[in-house]
Every structure is written in C-alpha cells, then in structure tokens.
Amino acid sequence: MDKKKIFLVNPSMEELYENAFVRDSVPNYPPLNLTTIAGGLLDDKHECRIIDLNVISQEKMYEELEKSVQSFKPDVVGITFTSALYSQCMRTISIVKDILPNALIIAGGAHASSDAVTTLKDTKIDIAVMGEGDFTIQEILSNRPLKSIEGIAYKEDGQVVINPQRPFLKDLDTLP
C-alpha cells in the first residue's frame with residue numbers, strides 16, 4: 001500500500017450561525033469523528049493532519065486553510081459536512097483543487113450519507129462515504145477496487161455509482 005498524506009477538514013459552524021439568535025447555543029466540540037478516522041490512517045502509516053475551522057476566526061479560516069494545504073500538500077482531502085454547510089464545503093474543495101488539482105476528495109458526514117448522488121453530481125468530490133467512515137477510508141486508501149468497498153458512492157464514466165451500505169460498527173472498542 002502506498003503511504004499517503006491525508007488532510008481532514010472540519011468545517012466551521014460559525015459562518016452558518018453568525019446572525020442566528022441560537023448562535024450561542026450551538027455546540028462546539030472537537031471533531032471526534034475525524035480523530036477516529038485519523039487514528040486508523042496513522043495505524044496504516046499514512047501521514048495525517050486535521051484542520052478544525054471552528055477554532056480559526058471566520059475572517060482568517062480560508063486563508064489558514066489555503067496555507068495549510070500549500071504547506072502540507074496532501075494527496076487526499078477528507079471533509080465532513082451537513083447539508084447546511086454545503087456551500088462552505090464546496091468553497092473548501094475549490095480552494096484545495098486550485099492548489100492541488102489532482103488531490104483525491106472524499107466527503108462524508110450527514111449530507112453525503114443522506115444524499116450521495118447530489119454530493120457527487122456536478123461537484124469536485126470524487127468519493128462520498130455513506131455512514132461510518134472509520135474503516136471505509138482505510139479501504140479506499142488500500143487501493144482496493146472501489147466497487148468492492150461497502151458504504152461509498154463514486155463517479156465512473158460520468159455516472160454516480162452507489163455501493164451497498166456498510167453495516168454499522170457494533171464494537172466501538174475496535175476504533176483506534
């Protein structure tokens with residue numbers, strides 16, 4: 001297996017809720033989903049970094065994202081997002097692709113899980129992870145044929161291919 005540089009992105013909720021009355025009640029917590037994914041990637045000897053845009057001021061977050069991508073030069077960028085963060089996700093991916101046009105873009109989270117076709121269609125996203133991505137991303141990076149990986153959707157010959165769902169993880173102790 002080729003060792004890769006993977007950059008995981010947690011979008012900012014601040015931009016979404018900046019003018020909302022509920023902005024002070026929006027939970028802000030570390031991206032545990034990305035840390036468990038990173039743990040498995042590190043076990044596989046990949047180099048992995050996480051950027052949490054929630055902890056960067058809104059005025060500087062895209063500038064910091066750009067600097068991080070330029071300095072790390074990842075082979076793969078993973079981003080988790082909800083439907084409400086769709087436009088921020090697309091802007092993030094556009095920044096990455098402007099710097100690294102050949103980077104593999106993998107999207108996960110609630111939006112990709114609930115609507116993989118829209119996640120991939122007419123976007124620069126290469127693979128959508130549906131459901132839990134903890135072991136899915138490891139399988140993607142193992143160079144297995146995409147058609148053999150449960151829980152993903154991907155583009156092939158201009159069409160979106162949706163693979164069977166991956167069963168839910170039953171034993172959380174198997175996570176890194």
Side-chain angles (χ1 to χ4, degrees), residues 6-20 22-23 25-38 40-41 50-54 58 61-62 65 69 74-98 100-142 144-170 172 175:
I6 298 100
F7 192 58
L8 302 174
V9 181
N10 190 43
S12 171
M13 299 293 271
E14 183 179 336
E15 186 177 48
L16 182 63
Y17 290 105
E18 70 182 328
N19 296 317
V22 297
R23 75 178 165 269
S25 64
V26 174
N28 190 359
Y29 46 85
L32 297 178
N33 55 338
L34 297 183
T35 59
T36 59
I37 288 171
L41 295 171
I50 298 173
I51 187 167
D52 185 357
L53 297 178
N54 281 304
Q58 189 173 346
M61 73 178 177
Y62 292 116
L65 173 70
V69 170
D75 303 298
V76 179
V77 174
I79 185 166
T80 180
F81 70 104
T82 62
S83 297
L85 293 170
Y86 183 84
S87 63
Q88 188 182 128
C89 176
M90 292 304 119
R91 184 170 177 190
T92 297
I93 292 167
S94 182
I95 289 168
V96 170
K97 285 294 200 176
D98 284 348
L100 301 168
N102 295 323
L104 178 69
I105 305 294
I106 302 173
H111 186 84
S113 294
S114 64
D115 192 357
V117 173
T118 301
T119 299
L120 293 169
K121 192 172 179 158
D122 301 323
T123 71
K124 296 177 182 179
I125 298 169
D126 299 300
I127 300 172
V129 175
M130 304 171 298
E132 298 166 344
D134 306 288
F135 296 112
T136 307
I137 193 166
Q138 289 175 272
E139 290 183 18
I140 293 167
L141 296 178
S142 73
R144 284 181 47 189
L146 293 179
K147 66 182 178 185
S148 71
I149 301 172
E150 293 178 323
I152 67 167
Y154 58 96
K155 297 174 194 171
E156 184 174 81
D157 300 325
Q159 299 296 313
V160 174
V161 176
I162 299 177
N163 289 358
Q165 288 285 68
R166 177 178 294 275
F168 287 113
L169 189 60
K170 290 182 175 35
L172 295 179
L175 294 173

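Hydrogens, waters and symmetry mates play no part in the numbers below; they use all other heavy atoms, side chains included. The first residue in the sequence is number 1, and the count goes up from there.
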Go through I140 and V129 one step at a time and tell me if the side-chain contact (heavy atoms from CB on, under 4.5 Å) criterion holds.
-> CA-CA 10 Å; I140 293 167; V129 175; 4.3 Å; yes
Any [X] side-chain heavy atom under 4.5 Å of [Y] side chain:
X: Y62; Y: T92; answer: yes
X: L65; Y: V69; answer: yes
X: I6; Y: L141; answer: yes

Of the non-hydrogen atoms in [X] and [Y], which two are nearest, and what is the gap between them?
X: I125; Y: I127; answer: CG2-O, 3.5 Å
X: L53; Y: S12; answer: O-CB, 3.5 Å
X: P31; Y: D52; answer: CD-OD2, 3.4 Å
X: Q138; Y: D134; answer: OE1-O, 3.2 Å
X: A112; Y: A107; answer: CB-O, 3.7 Å
X: K97; Y: A103; answer: NZ-O, 2.7 Å

Within residues 148-167 or reaching into it, pairs that qualify as ring-ring contact (aromatic ring centres under 6.0 Å, His included) - sequence neighbours excluded =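 Of all non-adjacent pairs touching residues 148-167, none passes ring-ring contact (aromatic ring centres under 6.0 Å, His included).
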Approximate separation, where rounding is to 0.5 Å, of [X] [atom1] and [Y] [atom2]:
X: L120; Y: I105; atom1: CG; atom2: CD1; answer: 12.0 Å
X: I152; Y: D126; atom1: CD1; atom2: CG; answer: 11.0 Å
X: I79; Y: I93; atom1: CD1; atom2: CD1; answer: 5.5 Å

Residues in side-chain contact (heavy atoms from CB on, under 4.5 Å) contact with D75, at least two apart in sequence or another chain |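 Only K4, K5 meet the side-chain contact (heavy atoms from CB on, under 4.5 Å) criterion with D75.
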Contacts of type side-chain contact (heavy atoms from CB on, under 4.5 Å), residue S94, not counting sequence neighbours =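 S94: side-chain contact (heavy atoms from CB on, under 4.5 Å) contacts with D98, K124.
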So, does Q88 use its side chain to make a donor-acceptor pair with the main chain of P11 at under 3.5 Å?
->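 Such a contact is absent between Q88 side chain and P11 backbone.
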May I ask you to decide if G131's main-chain N or O and S113's side chain share a donor-acceptor pair within less than 3.5 Å?
->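 It does hold such a pair.
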All N/O donor-acceptor pairs, side-chain side in residues 159-166, below 3.5 Å, sequence neighbours left out:
unit_1	atom_1	unit_2	atom_2	d
N163	ND2	L146	O	2.7
N163	ND2	I149	O	2.7
R166	NE	T136	OG1	2.7
R166	NE	E150	O	3.4
R166	NH1	E139	OE2	3.3
R166	NH2	E139	OE1	3.0
R166	NH2	E139	OE2	3.3
R166	NH2	E150	O	3.3

Partners of T118 by side-chain hydrogen bond (donor to acceptor under 3.5 Å, both in side chains), sequence neighbours excluded?
->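 Partners of T118 under the side-chain hydrogen bond (donor to acceptor under 3.5 Å, both in side chains) test: D115.
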Partner set under ring-ring contact (aromatic ring centres under 6.0 Å, His included) for F81, not counting sequence neighbours =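 Here the qualifying residues are H111.
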